[in-house]
Protein chains: 2
Amino acid sequence: MATITDVANLAGLSRSTVSRVMNNYPYVSEEKKRLVEEAMKKLNYYPNSSAQTLRSQKTDTIAVFIPMLTNPFFSYLLEGIDAVATENGFRLLVCQTRYDRKTERQFFNLVKSKQVDGIILTSIENDWSTVRDYMSYGPVVMCNEYDHESNTPNVRLDQVYGGYIGTRHLIDKGHKKIAFCQGSFRSFISKAREAGYRLAMKEAGLQIRDEYAFRIAADYHDGKEVLKKIAAMVERPTAIFTGSDQVAAGIVYEARHLGINVPEDLAVIGFDDQPIAEMTLPQLTTIRQPAHEIGERAMKLMLNLVLPEEDAPPMPEEPLKLEIIERSST
Amino acid sequence: MATITDVANLAGLSRSTVSRVMNNYPYVSEEKKRLVEEAMKKLNYYPNSSAQTLRSQKTDTIAVFIPMLTNPFFSYLLEGIDAVATENGFRLLVCQTRYDRKTERQFFNLVKSKQVDGIILTSIENDWSTVRDYMSYGPVVMCNEYDHESNTPNVRLDQVYGGYIGTRHLIDKGHKKIAFCQGSFRSFISKAREAGYRLAMKEAGLQIRDEYAFRIAADYHDGKEVLKKIAAMVERPTAIFTGSDQVAAGIVYEARHLGINVPEDLAVIGFDDQPIAEMTLPQLTTIRQPAHEIGERAMKLMLNLVLPEEDAPPMPEEPLKLEIIERSST
DNA sequence: TTGTATGCGTTATCAC
DNA sequence: GTGATAACGCATACAA
């Protein structure tokens, strides 16, 4: 394993000069530059990045906290984050928290130990106070998920609006008994959407029933379970607003299985507009979330925090918006 | 930012002793150990990982090459890899190659620059000779994909068998005009499955037609395109073997769109048995690949290469097998 | 059981 | 333009 010293020796120059060549310093004669490059090639030299990191205090690596890698929504988020990261010479350390507070806390130590320059959170399990402690060690960017107690840099959409237009759509279709289904009672996104749901219901003078609220559905399987519970109700809702297309797909699937017609017996509205939304039968009406773009922006925001202004990518001006995509499940 | 020296000073001890406490060295008196721990806590000390890395030459980080993060099959693979990594205190640097040879080559430099201890490849774009150059810098493990020119440590299944049982299943259903559809003409997995397909066809004395072979379909969208091409044929195949449930789902979707009945007009068989396989209508007959387990094993294999034997997890004995899951698309 | 000294590979500062 | 030297923070061989 060749080091900079080996290169310097072979080229008959000092380590400083070699270093200067590597870092494209302005004042190096063409002659020596050539010498150094030859030596590097001959030795198949590659700089040791931990030494560089130790010296420069920069890792060019960002940690991305993801609750569940197999949830497609987060894959698209990650894909967007990755696109901007790669384009700017940054690497991604992927930290799957599995919705676990302790796991999440352990990953936070990555920034304490200077293993990453910053952290992008796509979900948050611990209380804000816990997270805040880590913020003095490096920048934290919230991506999609957020915390209203905090003023952390973040990229987010108006989720109250998302809950509102979804519910509103169902109301406009004539529904009165509308159920609401979200991923986590802890998530601020879920709370915001529920607020939008309640706003629309209230505006229309409709009753909000406790038994129509499901707050623990995150994936396809959960969706099936939700439908089973609905099927068992004496007085069933005629429509349901869900927090993800995965869940909605599970509902649609199980409904067909149990002979409940969508949308006649039960209108279903999804969230995200993932590819799965058009694979179900009937296809899902859904609220489109531009996951890739959200990820891109979060990474751009991060770069603006860790890079000198002139090197950071510009932040897009236009706000990201949720929009409803009408298909046949409503 | 406190360093080990700060801790040593505060505790009134030497840096060595502090280091020993951190690394759980056997011979440290309880007394000093307590002193050190107090000082660490008081200073909110956390060891600098690049310094540790530089010193120890170990990063406890593995790079995982993934062609496309949004392809669910790879999400499950990654999830399995992550499970074992986290359990053993390792981190994952995720490298999305986007099926690009140059991007892949650049990522290989991570191991050259000692930024990771090893690399897990879930796909391979460059020629074997290119990859081999990097193997002298650190262990490379092939996960699912492989290269028959190489003897790289790998985790893989009998894909010839996969192609065989899928095709055989279609033959047993009475089909004679069977199309074949795979992701990449470069992939060894694809080639192996095609070999299995050809074996089954030949065995049954059936004709293999060039126009029935599609070798560039990787996702849902590609599946739609394949179906369109089939629909335009004068003499259509009556069945199609595909390389992924994504592609199969696209075919099924587009078939319905164009009024082609599955399985009556066209039987479709997928691969992987992802959740999507039971979301389509009709549900997909498919060849189940235990993606999570494959990922787990690949990481275990990697740990056996980078860790001393006594610290590495045991390698499961039983071979991983492909099996056919019959549903209604065939 | 603990301390001293050295080096991991790089870059920045300061001379020349 | 180029080179010597120190420093980044830690862990280990060796001495005590």
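Owing to the predicted nature of the structure, the values given are computational and were not obtained by experimental measurement. Chain letters run A, B, ... following the sequence lines, proteins first and then strands; every chain starts at 1.
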- Task: Residues of residues 22-30 of chain A with any non-hydrogen atom less than 4.0 angstrom from an atom of DNA chain D: list those, numerically ordered, please.
- Result: Tyr27(A), Val28(A), Ser29(A)
- Give, ordered by number, those residues of residues 31-46 of chain A having at least one heavy-atom distance below 4.0 Å to an atom of DNA chain D; if nothing qualifies, reply none. Lys32(A)
- Any donor-acceptor pair under 3.5 Å between the side chain of Ser16(A) and the base of dT11(C)? no
- Query: Can you find a donor-acceptor pair, distance only, under 3.5 Å between Arg20(B) side chain and dG3(C) base?
  - Reply: yes
Below 4.0 Å: OP1/OP2 of [N] and any side-chain N or O of [X]:
X        : N      : value
Thr3(A)  : dG9(C) : no
Gln52(B) : dG9(D) : no
Thr17(B) : dT2(C) : no

Nucleotide [N], atom [atom2] - distance to [atom1] of [X] in whole Å:
X        : N       : atom1 : atom2 : result
Asn9(A)  : dA4(D)  : CG    : P     : 11 Å
Leu13(B) : dT1(C)  : CG    : C1'   : 11 Å
Lys58(A) : dA12(C) : NZ    : P     : 13 Å
Asn48(A) : dT11(C) : CG    : P     : 10 Å
Ile4(B)  : dA7(D)  : CD1   : P     : 18 Å
Arg15(B) : dT12(D) : CZ    : C1'   : 12 Å

[X], nearest nucleotide to its side chain (from [options]):
X        : options                  : result
Arg55(B) : dT12(D), dG9(C), dG3(D)  : dT12(D)
Thr5(A)  : dT11(C), dA4(D), dT10(C) : dT10(C)
Gln57(B) : dT11(C), dG9(C), dG3(C)  : dG9(C)

- So, Thr122(B) versus Asn144(B): side-chain donor-acceptor pair below 3.5 Å or not? no
- Residues two or more places apart in sequence or in another chain: which of them pass salt bridge (charged side-chain N to carboxylate O under 4.0 Å, His left out) with Glu310(A)? none
